[in-house]
Visitor: 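One structure coming up, written as C-alpha cells, with questions to follow.
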Amino acid sequence: MGRKKRRPRRSFTPEFKAEIVELCGRGDRSVGQVAKDFDLTETAVRQWVVQAERDAGTRSDGLTTDEREELARLRRENRRLTEDVEILKRATAFFAKEIR
C-alpha cells in the first residue's frame, strides 16, 4: 500500500482566505467543491469558514482572531517576565552570598 505524499505546508494571505470564505458563504458551491477548485484541503477551508464565523460573532465555540493574537502576546510577555524573575532570583542569591 502506497501512502500519499504529504503536500508541503503553504501559507495564504488573509485576503485570499476571506475570498474563499465568501465563495463558500454564497451557497452556490459546497465547501468541498470550492476546496477542489482552488486546490485546497477541505479541512483547511472548513476551518477558515468556522474562524470567520467566530470573528463575525455568529459562533461562540472558540477564540476570535483578535483573542488568539492577544493570548499569544500575553504568553510571550509572561515567558519574558518569568525569565526576568529567574534572573533576579539568581542575582539576589549571588549578592546575598557576597555579603556574608
Visitor: With the threshold set at 4.0 Å, does a side-chain nitrogen-carboxylate oxygen contact exist between Asp61 and Arg59?
Guide: yes
Visitor: Would Arg79 and Glu83 pass as an ion pair if we require N to O under 4.0 Å?
Guide: no
Visitor: Do Val50 and Val21 share a hydrophobic cluster (ILVMFWY, side-chain heavy atoms under 4.5 Å, transitive)?
Guide: no
Visitor: Looking at Arg10, I want to see if its CZ is surrounded by more than 12 non-hydrogen atoms of other residues, nucleotides or ligands under 6.0 Å.
Guide: yes
Visitor: Which is it for Leu40 and Phe12 under the side chain to side chain contact (heavy atoms under 4.5 Å, CB included) test, yes or no, and what are the steps along the way?
Guide: CA-CA 11 Å; Leu40 302 167; Phe12 302 98; 3.4 Å; yes
Visitor: Quick one, Arg54 and Leu63 - any side-chain contact, counting heavy atoms below 4.5 Å?
Guide: no
Visitor: Is there a side-chain contact between Phe38 and Leu23, using heavy atoms and a 4.5 Å cut-off?
Guide: yes
Visitor: Atom CD1 in Ile87, atom OG1 in Thr92: separation rounded to 0.5 Å?
Guide: 11.5 Å
Visitor: Does a side-chain N-to-carboxylate-O contact under 4.0 Å join Glu69 and Arg73?
Guide: no
Visitor: Please round to the nearest 0.5 Å and tell me the distance separating atom OG1 of Thr64 and atom CD of Glu53.
Guide: 14.0 Å
Visitor: In Å, rounded to the nearest 0.5 Å, how long is the span from CZ of Arg90 to CG of Leu88?
Guide: 10.5 Å
Visitor: Which value, rounded to the nearest 0.5 Å, describes the distance between Asp66 atom CG and Glu70 atom CD?
Guide: 8.5 Å
Visitor: To the nearest 0.5 Å, how far apart are CZ in Arg68 and CG in Asp55?
Guide: 9.0 Å
Visitor: When rounded to the nearest 0.5 angstrom, what is the spacing between CH2 in Trp48 and CD in Glu19?
Guide: 10.5 Å
Visitor: Hey, does Pro14 have a side-chain heavy atom less than 4.5 Å from the side chain of Lys17?
Guide: no
